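Computed from a prediction, not measured in an experiment: that's the story for all the values here. The figures that follow rest on heavy atoms only: side chains count, while hydrogens, waters and symmetry mates do not.
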Number of protein chains: 2
Amino acid sequence: MTKKSPSPEAITAWARLVRVSRQLIERTEDALKANGLPPLAWYDVLHELAEAGEGGLRPFELIDRVLLAQYGVSRLLARLEADGLVEKLPVADDGRGQTVRITASGREMRRRIWAVYGACIADRMGDRLSAQDLRTLASLLGRLRDPPASD
Amino acid sequence: MTKKSPSPEAITAWARLVRVSRQLIERTEDALKANGLPPLAWYDVLHELAEAGEGGLRPFELIDRVLLAQYGVSRLLARLEADGLVEKLPVADDGRGQTVRITASGREMRRRIWAVYGACIADRMGDRLSAQDLRTLASLLGRLRDPPASD
DNA sequence: TCCTTGTTGATGCAATTGCATCTATATGGA
DNA sequence: TCCATATAGATGCAATTGCATCAACAAGGA
């Protein structure tokens with residue numbers, strides 16, 4: 001088995017990707033913290049649950065959507081529930097499981113986070129690249145996904 | 001103070017960036033772990049120190065280069081030193097500080113990590129985008145940096 | 001010299017995360 | 001029915017991280 005060596009272009013692109021994404025995320029987390037808001041992961045879950053509507057989602061369905069480990073989801077949901085942002089309902093046909101649904105204050109919290117989060121995105125992406133460049137960027141990144149999905 | 005709203009293009013690009021970078025990094029960390037190697041952060045530090053040469057670097061110089069908090073650098077260096085991968089030397093003209101230098105086994109470890117890390121980059125970037133596309137990607141990402149730097 | 005302020009690096013403690021495992025329920029075959 | 005295996009979700013414990021603070025030295029002015 002021979003180990004492959006990456007091209008200089010691949011190394012540069014990788015380095016930029018890792019560095020820029022970390023910077024952007026970190027600054028966004030800082031902005032949330034500065035406004036007394038919870039971390040980005042909370043938004044991700046609230047967003048998915050809001051999209052899912054009244055039917056809610058099963059915890060295991062959240063795992064792939066928010067890229068968290070099973071125990072991460074379990075604990076994050078426990079915190080969200082403790083804060084009254086989501087509610088857990090028993091599932092009729094599966095005694096093991098539960099359905100998680102966003103509450104009214106969950107939706108409210110989502111809005112409050114978005115006010116800061118959205119502004120960060122606008123500042124750090126929208127203001128720096130044209131719509132066309134943003135589409136190009138999204139398309140290139142799309143080709144790096146695993147599994148390779150349609151674009 | 002009016003909060004800005006990001007364009008749909010900005011949101012899509014942002015979502016891809018966050019998701020793809022997390023996936024790539026996580027898979028790389030997994031590959032390292034599977035080969036019994038330390039995390040990426042160790043590589044970053046060893047890489048910077050290798051570049052710095054015999055003169056080594058002061059810990060505070062590492063902070064910005066590897067995007068770690070001060071205490072993160074302090075503790076990471078302590079582990080690297082405990083493993084004999086770096087050595088700390090007193091600084092002549094500043095009694096507070098120290099100079100950190102990579103050791104021979106540090107260089108060896110760097111090579112071993114790179115064998116896996118480099119292959120990941122080749123697999124996940126080099127094999128999926130052409131050299132031209134990689135340059136485009138790097139350029140677009142470059143414009144998202146903070147502070148905006150030349151390209 | 002002395003005192004105030006700034007910088008460098010380490011660390012105690014709390015919160016978070018990762019890993020392994022556990023409980024409870026479901027499923028399918030003998 | 002009974003048992004083996006699989007799946008959903010929670011959790012004990014260790015390792016890591018974040019926050020706040022500390023100790024040590026540096027630098028510059030009164």
Side-chain angles (χ1 to χ4, degrees), chain A residues 22-23 25-45 48-49 52 55-83 86-101, chain B residues 22-23 25-34 36-45 48-49 52 56-83 86-101:
Chain A
R22 278 193 34 176
Q23 251 187 10
I25 292 168
E26 206 155 296
R27 286 174 192 279
T28 304
E29 296 278 14
D30 288 348
L32 292 176
K33 223 171 293 182
N35 285 79
L37 293 169
L40 272 184
W42 288 42
Y43 179 84
D44 290 343
V45 168
E48 291 298 333
L49 291 176
L57 284 176
R58 301 284 301 268
F60 72 85
E61 296 178 291
L62 276 167
I63 293 176
D64 7 307
R65 306 194 194 207
V66 301
L67 295 187
L68 276 182
Q70 181 269 321
Y71 54 81
V73 170
S74 174
R75 292 203 260 231
L76 179 42
L77 288 176
R79 283 172 215 173
L80 290 171
E81 187 188 28
D83 277 29
V86 307
E87 54 189 351
K88 295 178 175 178
L89 310 164
V91 172
D93 60 338
D94 190 337
R96 293 167 301 182
Q98 55 195 238
T99 291
V100 183
R101 202 164 57 185
Chain B
R22 278 192 35 174
Q23 251 188 11
I25 292 168
E26 205 155 296
R27 284 172 193 280
T28 304
E29 296 279 13
D30 288 348
L32 291 176
K33 223 173 292 183
L37 294 169
L40 273 184
W42 288 42
Y43 179 84
D44 290 343
V45 169
E48 292 298 333
L49 291 177
L57 284 176
R58 301 284 302 267
F60 72 85
E61 296 179 290
L62 276 167
I63 293 175
D64 9 306
R65 306 194 193 207
V66 300
L67 295 187
L68 275 182
Q70 181 270 322
Y71 55 81
V73 169
S74 173
R75 292 203 259 234
L76 179 42
L77 288 176
R79 285 172 213 173
L80 290 171
E81 187 187 29
D83 277 30
V86 307
E87 54 189 350
K88 296 179 175 179
L89 311 164
V91 172
D93 60 339
D94 189 338
R96 295 166 298 181
Q98 54 196 241
T99 291
V100 183
R101 201 165 57 185

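Side-chain atoms of Q70(A) never come within 3.5 Å of backbone atoms of I63(A) as a donor-acceptor pair (strictly under, hydrogens ignored). Put simply, the side chain of R58(B) gets close to the backbone of Q98(B): a donor and an acceptor are under 3.5 Å apart.
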Step-by-step side chain to side chain contact (heavy atoms under 4.5 Å, CB included) determination, L68(A) to L62(A): CA-CA 8 Å; L68(A) 276 182; L62(A) 276 167; over 6 Å; no
Evaluation steps, side chain to side chain contact (heavy atoms under 4.5 Å, CB included), between D83(B) and R79(B): CA-CA 6 Å; D83(B) 277 30; R79(B) 285 172 213 173; 5.7 Å; no
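Taking atom CG on L62(B) and atom P on dT8(C), their separation rounds to 13 Å, with Å as the unit. Per the geometry, CG belonging to D94(B) stands 7 Å off C1' belonging to dT8(C), to the nearest Å. Distance, Y71(B) OH to dT7(C) C1': 18 Å, rounded to whole Å.
Protein chain B contacts DNA chain D over a range whose 5' and 3' limits, counting nucleotides with an atom under 4.0 angstrom from a non-hydrogen atom, are dT17(D) to dA26(D).
In terms of position on DNA chain C, the residue among L77(B) and R96(B) whose nearest nucleotide sits closer to the 5' end is R96(B). Nearer to the 5' terminus of DNA chain C, by closest-nucleotide assignment, is the contact made by S74(B) (compared with the other of S74(B) and A92(A)).
When distances are taken from the side chain of F60(B) to each of dT11(C), dA10(C), dG9(C), the shortest belongs to dG9(C).
Taking only side-chain nitrogens and oxygens, K88(B) never comes nearer than 4.0 Å to OP1 or OP2 of dT8(C).
Applying the salt bridge (charged side-chain N to carboxylate O under 4.0 Å, His left out) rule to E61(B) yields no partners; only residues at least two apart in sequence or on another chain are considered. In terms of the side-chain hydrogen bond (donor to acceptor under 3.5 Å, both in side chains) criterion, R65(A) has no residue partners (sequence neighbours excluded).
Within the nucleic acid shown, R75(B) comes within 4.0 Å of at least one base atom, counting heavy atoms only. Across all strands, Q70(B) comes closer than 4.0 Å to base atoms (heavy-atom distances).
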